[in-house]
Amino acid sequence: MTERRNYTAAEVLAVMSSRLLKDGQIVFAGVGLPLLAAILAQRTHAPTLTILFEGGTIGAFVEPGQLPPSTNEQRCCRRANMLLPSTDVLLLLQRGYVDIGFMGGAQIDKHGNLNSSFIGDAENPTARLPGTGGGNDIASLTNMIVAMKHEKRRFVEKVDFVTSPGFLDGGRSREKAGLDLGGLFRVVTDLAILGFDEKSRDMKVVALHPGVTAKEIQDNTGFELIIERNVETTPPPTEDELKVLRHLDPDRLYIA
Amino acid sequence: MTERRNYTAAEVLAVMSSRLLKDGQIVFAGVGLPLLAAILAQRTHAPTLTILFEGGTIGAFVEPGQLPPSTNEQRCCRRANMLLPSTDVLLLLQRGYVDIGFMGGAQIDKHGNLNSSFIGDAENPTARLPGTGGGNDIASLTNMIVAMKHEKRRFVEKVDFVTSPGFLDGGRSREKAGLDLGGLFRVVTDLAILGFDEKSRDMKVVALHPGVTAKEIQDNTGFELIIERNVETTPPPTEDELKVLRHLDPDRLYIA
Amino acid sequence: MTAYQELRKKTEARDHSLRERVMSLEEAAGLVKEGDLIGLGGSTMSRTPLAMIWALIRAGAKGHTIARGISCQEGDLTFASGLCNHVITSWMSHGLNWGVSKIMRNYTEQKRAVFEEWSHMAMGLRFRAGAMGLPFLPMRAMMGSDLMGRLPNVKTMECPFTGEKLVAVPALNPDIAFIHVQRCDAYGNAQMDGLPFLDADLAMAANRVVMTTERIISNDQIRRAPDHTRIPFFTVDAVVEVPFGCAPHECYGVYEPFFSHHDYYADLLKKDAEKGVAEYLQRFYYEPKDWNDYLGRLGMAELQDAARRGRSINND
Amino acid sequence: MTAYQELRKKTEARDHSLRERVMSLEEAAGLVKEGDLIGLGGSTMSRTPLAMIWALIRAGAKGHTIARGISCQEGDLTFASGLCNHVITSWMSHGLNWGVSKIMRNYTEQKRAVFEEWSHMAMGLRFRAGAMGLPFLPMRAMMGSDLMGRLPNVKTMECPFTGEKLVAVPALNPDIAFIHVQRCDAYGNAQMDGLPFLDADLAMAANRVVMTTERIISNDQIRRAPDHTRIPFFTVDAVVEVPFGCAPHECYGVYEPFFSHHDYYADLLKKDAEKGVAEYLQRFYYEPKDWNDYLGRLGMAELQDAARRGRSINND
């Protein structure tokens with residue numbers, strides 16, 4: 001879809017998610033694309049946004065071209081405001097100091113549940129995935145944005161295993177499970193920005209990216225999406241956004 | 001009793017309690033006389049003993065003549081090994097890293113319960129005392145030595161208010177209350193070293209200080225003490241002990 | 001709405017941005033609302049946030065509940081000025097060298113004020129539960145003592161795994177906390193030297209924080225040693241630069257307690273404690289035209305002496 | 001005897017004195033007993049106590065359970081060597097840049113090893129409960145997820161005050177913990193730079209601790225900055241000086257990960273993971289005559305490059 005354009009699918013993903021972050025927010029960011037998008041936001045429309053990392057960092061400046069391999073290495077700490085034990089930075093979620101959790105996803109379902117543990121049956125899995133890390137904590141305790149590639153095998157009716165809770169079985173099932181607060185706010189993909197119906201908590205399209213059709217997104221999704229007739233289209237990435245992004249990731253580790 | 005001797009009652013108290021501390025122990029010490037006695041031990045027979053203070057200090061060197069007004073000021077921190085939040089130094093008691101708690105007392109009873117809260121009825125007290133501080137935590141969670149002046153009004157049948165638990169009502173009542181571990185090990189006074197009967201948990205004399213008679217100690221106690229016929233006598237303070245002590249407290253704040 | 005949802009809502013409504021929060025003592029005193037439960041940092045005679053207490057007493061605030069791990073002579077002043085009529089603490093007096101506080105005795109024995117007594121660890125864990133976003137924490141002290149029976153909100157519980165008896169202490173999330181540190185940037189990132197006491201938990205637990213500081217340093221200075229930052233900016237609502245902001249108490253490495261001033265204070269209260277403390281409040285709290293005038297009344301010689309002793313902590 | 005009484009008894013039996021605890025890697029490996037549950041400090045690719053893992057694998061230790069907040073490539077080596085057949089962690093793989101670990105997949109999918117998955121915060125709170133001498137801590141995550149159903153020892157509970165539903169996670173007190181820091185004195189007082197991860201709680205929770213350190217410094221140096229000490233000596237049973245003790249992982253401010261070595265490792269495993277890891281173990285774990293030989297096999301150029309990148313963290 002983006003072949004004719006001067007940006008890649010990953011760049012669309014980064015730009016579109018960065019736009020969802022607001023100035024002044026505290027963002028708990030995962031490594032890779034979420035980190036990149038959060039820095040992009042900071043360097044464009046959100047200069048007083050603060051990034052937290054699961055390793056324990058508050059408000060670091062990651063150097064362009066020196067993206068960290070996880071959120072636990074010193075590249076995540078450069079010129080930080082504070083370094084905390086990992087437990088305590090995760091407890092900031094529980095205490096409520098985090099405005100947005102922002103992570104990637106391997107498999108997601110209609111109600112926004114995320115799976116990063118098992119493909120297939122957990123007892124006899126086809127594939128064992130690396131696990132939750134802090135993902136479950138973030139998803140349980142704060143409002144969250146997930147950024148991921150839009151593929152049919154990743155967008156499934158029901159995840160094989162709920163590693164990080166979205167809206168569970170939809171409706172008020174999340175609240176009933178004891179999760180009073182937070183929840184998946186937006187899913188950003190290379191095709192669209194998605195949200196959830198207030199009542200059923202079924203996934204719906206909030207806006208399509210430039211050039212994407214309702215049919216195209218439905219074809220790439222393993223369940224039926226709610227798509228309103230006059231759904232909005234996101235403005236395309238600007239030259240400025242792309243320039244900053246490419247400056248941050250000159251080796252194109254995440255934006256290729 | 002010590003009039004004819006070359007040392008004061010407070011000095012006897014400090015020396016006799018310091019001798020109860022063993023080399024290599026971790027001692028949680030209160031300010032004033034306990035602190036003084038712990039430093040004395042460190043400088044005589046127990047060079048690898050470590051002193052903890054409730055404020056949060058691990059293993060400081062208090063300067064002679066610069067005794068702190070409480071365990072929370074910088075005089076308690078000089079050349080310490082570590083400074084912790086107060087909560088965490090108190091949690092060392094609960095985790096079990098403390099060998100001995102060592103504090104002063106205002107009022108004690110037959111079963112070693114301590115009162116530092118109310119004289120008289122708690123609802124309408126004759127006197128409101130300053131309260132527990134960390135005393136209750138120490139007495140609840142570790143083996144403890146109390147150092148105090150031996151006076152009839154301080155040694156009572158039953159304290160007006162149990163601020164810091166000793167053996168409660170005696171027997172196994174401490175364990176029954178949920179306090180599985182620790183307990184008052186020794187009470188050191190200017191007259192004697194006292195302990196508790198293994199079964200009844202009634203206070204008994206372990207050893208009398210030089211020149212003190214069984215009658216003298218009973219006369220200064222508000223309940224009946226267990227005193228065995230051939231009770232030991234403690235060796236008198238040595239010149240060396242007194243010299244170190246007076247060097248530590250040249251203004252005689254605590255040893256007068 | 002549950003208590004947790006309410007706490008989260010209040011926290012969400014605060015400004016989390018990396019912005020300057022510097023104001024005057026008087027402006028910061030204005031952040032305190034009627035009925036607020038106030039948490040105080042420091043312990044006993046160390047890093048007591050006296051400048052904010054001073055400003056609040058001068059502003060005529062009355063009837064607050066104050067929570068502090070261990071209280072000291074500032075307690076006399078908060079009782080006598082009417083700022084506080086309920087203290088939640090583990091210990092309250094002036095200090096070993098000055099005997100039991102007569103003001104504490106008078107106010108509590110005559111039921112003009114409540115002294116709610118928890119163990120020191122319980123106080124610490126109440127702030128920590130608040131800091132962690134938990135409704136309670138378990139602990140193993142206070143059982144069997146008479147403290148339990150006098151507390152309005154403490155419970156025993158069974159461990160869900162072992163069945164052991166434990167004490168549950170409820171979270172304490174003060175409406176506002178006052179904390180004094182050696183250095184802090186304009187955003188509120190605070191670094192402190194010496195004993196940290198309960199301050200990091202208190203800041204994290206509170207719904208608003210006023211940070212007074214010996215000096216405001218640049219954010220660059222903070223970022224050069226991020227592993228020494230103890231309190232992050234987003235918990236802080238006001239930063240006030242107040243040199244000697246704990247005087248006549250101590251600020252580690254900067255000044256020790258003003259010992260002879262404490263002797264003077266104790267003498268003043270010796271004959272008639274209430275008259276003495278009223279005179280003290282008049283001379284040191286109500287009359288001074290500003291904080292520097294207050295410091296001047298403590299005396300230049302005292303101040304120099306306390307500072308000399310304070311900085312000597314690092315001498316070998 | 002209750003679990004708490006047993007923990008206290010073990011702790012009481014340890015030598016708490018201020019004494020030197022310095023020994024060799026091999027001697028320290030001898031402190032590990034059969035069946036010990038081993039806790040590892042650091043996180044992912046940072047401050048991983050690799051030298052001790054190396055020594056233990058060489059000593060032929062087998063069948064241990066290992067607990068770590070977040071695991072990394074060292075997990076491959078502990079599985080493939082037989083050192084570990086049960087990992088308690090929140091995440092295990094090599095790292096974003098190198099794809100999902102084939103060794104982790106093979107061993108867990110074929111049930112040759114157990115991967116017990118808790119959330120990262122749950123891991124942290126399990127160590128913290130252990131550090132606090134508590135049997136459990138409450139938390140608000142993991143509810144509603146499928147993690148709960150697969151864990152052998154987690155419970156939901158009601159808050160004794162509010163009645164809210166909470167998750168109780170049980171204390172984790174490892175038999176022995178391995179922790180690597182930048183500097184430590186001969187007694188075991190450890191100071192670290194950069195992210196502290198779960199290490200302070202882990203040290204406090206464990207029943208024995210081996211502290212490896214880039215360098216042993218004097219106790220005087222520790223005492224000059226006691227508020228930077230993160231782990232006190234009395235929790236430590238062995239101090240081992242091992243420069244580059246995390247290589248090819250990172251030690252903040254000293255060296256970054258040896259990135260090209262990680263690429264080399266990933267390449268080696270690409271075709272046949274099990275054959276590749278066996279070859280790797282042979283070359284880097286079994287063959288070297290000592291730790292310096294191991295470092296030499298990593299390569300001097302790699303080592304210099306990692307160190308240059310490591311110390312650059314403080315460049316402005």
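Throughout, a chain's letter reflects where its sequence line sits, starting with A, and its residues are numbered from 1.
Counting only N and O atoms by type, the side chains of Glu73(A) and Thr44(D) include no donor and acceptor under 3.5 Å apart. Looking at Ser119(D) and Asp137(A), their side chains do bring a donor and an acceptor atom within 3.5 Å of each other.
If you measure heavy-atom distances from Ala122(A) to chain D, the contacts under 4.5 Å come from both the backbone and the side chain. With a threshold of 4.5 angstrom between heavy atoms, Thr108(D) approaches chain A through side-chain atoms but not through N, CA, C or O. Proximity to chain D (any heavy atom under 4.5 Å) is shown, for Ile138(A), by neither the backbone nor the side chain. Residue Met139(D) touches chain A through both its backbone and its side chain, counting heavy-atom pairs closer than 4.5 Å. Residue Leu91(A) touches chain D through both its backbone and its side chain, counting heavy-atom pairs closer than 4.5 Å. Heavy atoms of Met104(D) lying under 4.5 Å from chain A belong exclusively to its side chain. In this structure, chain D has a heavy atom under 4.5 Å from the side chain of Tyr254(A), while its backbone stays farther away.
The two atoms that bring Cys77(A) and Ile313(D) nearest to each other are C-CD1, 4.5 Å, heavy atoms only. Taking all atoms of both residues into account, the shortest heavy-atom contact from Arg128(A) to Glu109(D) is N-OE2, 2.7 Å. Nearest heavy-atom pair across Glu117(D) and Gly131(A) is OE2-CA, 3.2 Å. Between Leu195(D) and Gly56(A), the shortest heavy-atom contact is CD2-C, 3.5 Å. Closest approach of Thr132(A) and Trp118(D) over heavy atoms only: CG2-O, 3.5 Å. Across all their heavy atoms, Ser145(D) and Thr163(A) have their closest contact at CB-O, 3.7 Å.
Listed options Ser70(A), Ser86(A), Pro130(A) were ranked by heavy-atom pairs under 4.5 angstrom with chain D; first place goes to Pro130(A). The candidate from Pro69(A), Gly32(A), Pro165(A) with the greatest count of non-hydrogen atom pairs under 4.5 Å with chain D is Pro69(A). With chain D as the partner, the residue from Ser164(A), Gly134(A), Ala139(A), Ala127(A) showing the most heavy-atom pairs under 4.5 Å is Ala127(A). With respect to chain D, the highest number of heavy-atom pairs below 4.5 Å among Val159(A), Asp88(A), Asn113(A), Thr71(A) belongs to Asp88(A). No other option in Lys111(D), Arg128(D), Arg47(D) has as many heavy-atom pairs under 4.5 Å with chain A as Arg128(D). The greatest number of non-hydrogen atom pairs below 4.5 Å with chain A, out of Met92(D), His94(D), Lys165(D), is found for Met92(D). The most heavy-atom pairs under 4.5 Å with chain A, out of Arg105(D), His120(D), Met45(D), come from His120(D). Of all the listed residues (Cys251(D), Ser101(D), Gly194(D), Ala200(D)), the one sharing the greatest number of non-hydrogen pairs under 4.5 Å with chain A is Gly194(D).
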| said: Would Met121(D) and Leu141(A) count as a side-chain contact (heavy atoms from CB on, under 4.5 Å) here? Give the steps. | reply: CA-CA 11 Å; Met121(D) 192 168 82; Leu141(A) 298 169; 3.8 Å; yes

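For His86(D), the side chain to side chain donor-acceptor pair (under 3.5 Å) partners at least two apart in sequence or on another chain are Glu116(D).
Remark: Gln110(D) CD to Asn124(A) CG distance equals 12.0 Å, nearest 0.5 Å. Atom CD of Glu250(D) is separated from atom CG of Asn72(A) by 9.5 Å, given to the nearest 0.5 angstrom. In this structure, the separation between CG on Leu83(A) and CE on Met192(D) is 12.0 Å, given to the nearest 0.5 Å. Residue Leu90(A) holds its CG atom at 8.5 Å from OG of Ser90(D), rounded to the nearest 0.5 Å. The distance from the CZ atom of Phe115(D) to the CG atom of Leu129(A) is 9.5 Å, given to the nearest 0.5 Å.
Close approach to chain A, defined as a heavy atom under 4.5 Å from one of its heavy atoms, is seen in Ile70(D) of residues 67-77 of chain D, taken by number.
When atom types are taken as modelled, the side chain of Gln74(A) and the backbone of Gly310(D) share a donor-acceptor pair closer than 3.5 angstrom.
For NZ of Lys199(A), the number of neighbouring non-hydrogen atoms (other residues, nucleotides, ligands) closer than 6.0 Å is 12 at most. Residue Gln66(A) qualifies as enclosed at atom CD: its count of foreign heavy atoms under 6.0 Å is above 12.
No side-chain heavy atom of Met142(D) sits under 4.5 Å from any side-chain heavy atom of Leu179(A). Side-chain contact between Phe161(A) and Leu147(D) is present, with at least one heavy-atom pair separated by less than 4.5 Å. Taking the side chain as every heavy atom from C-beta outward, Pro85(A) and Leu198(D) never approach each other to under 4.5 Å. Using a 4.5 Å heavy-atom threshold, the side chains of Arg309(D) and Arg75(A) count as touching. Residues Glu123(A) and Arg150(D) form a side-chain contact, since some pair of their non-hydrogen atoms from C-beta on lies under 4.5 Å apart. Side-chain atoms of Trp91(D) and Ser116(A), non-hydrogen and from C-beta on, never get closer than 4.5 Å to each other.
Within the structure, no pair that satisfies the side chain to side chain donor-acceptor pair (under 3.5 Å) test touches residues 169-187 of chain A, not counting sequence neighbours. Applying the ring-ring contact (aromatic ring centres under 6.0 Å, His included) definition to pairs two or more places apart or across chains, none involves residues 150-174 of chain D.
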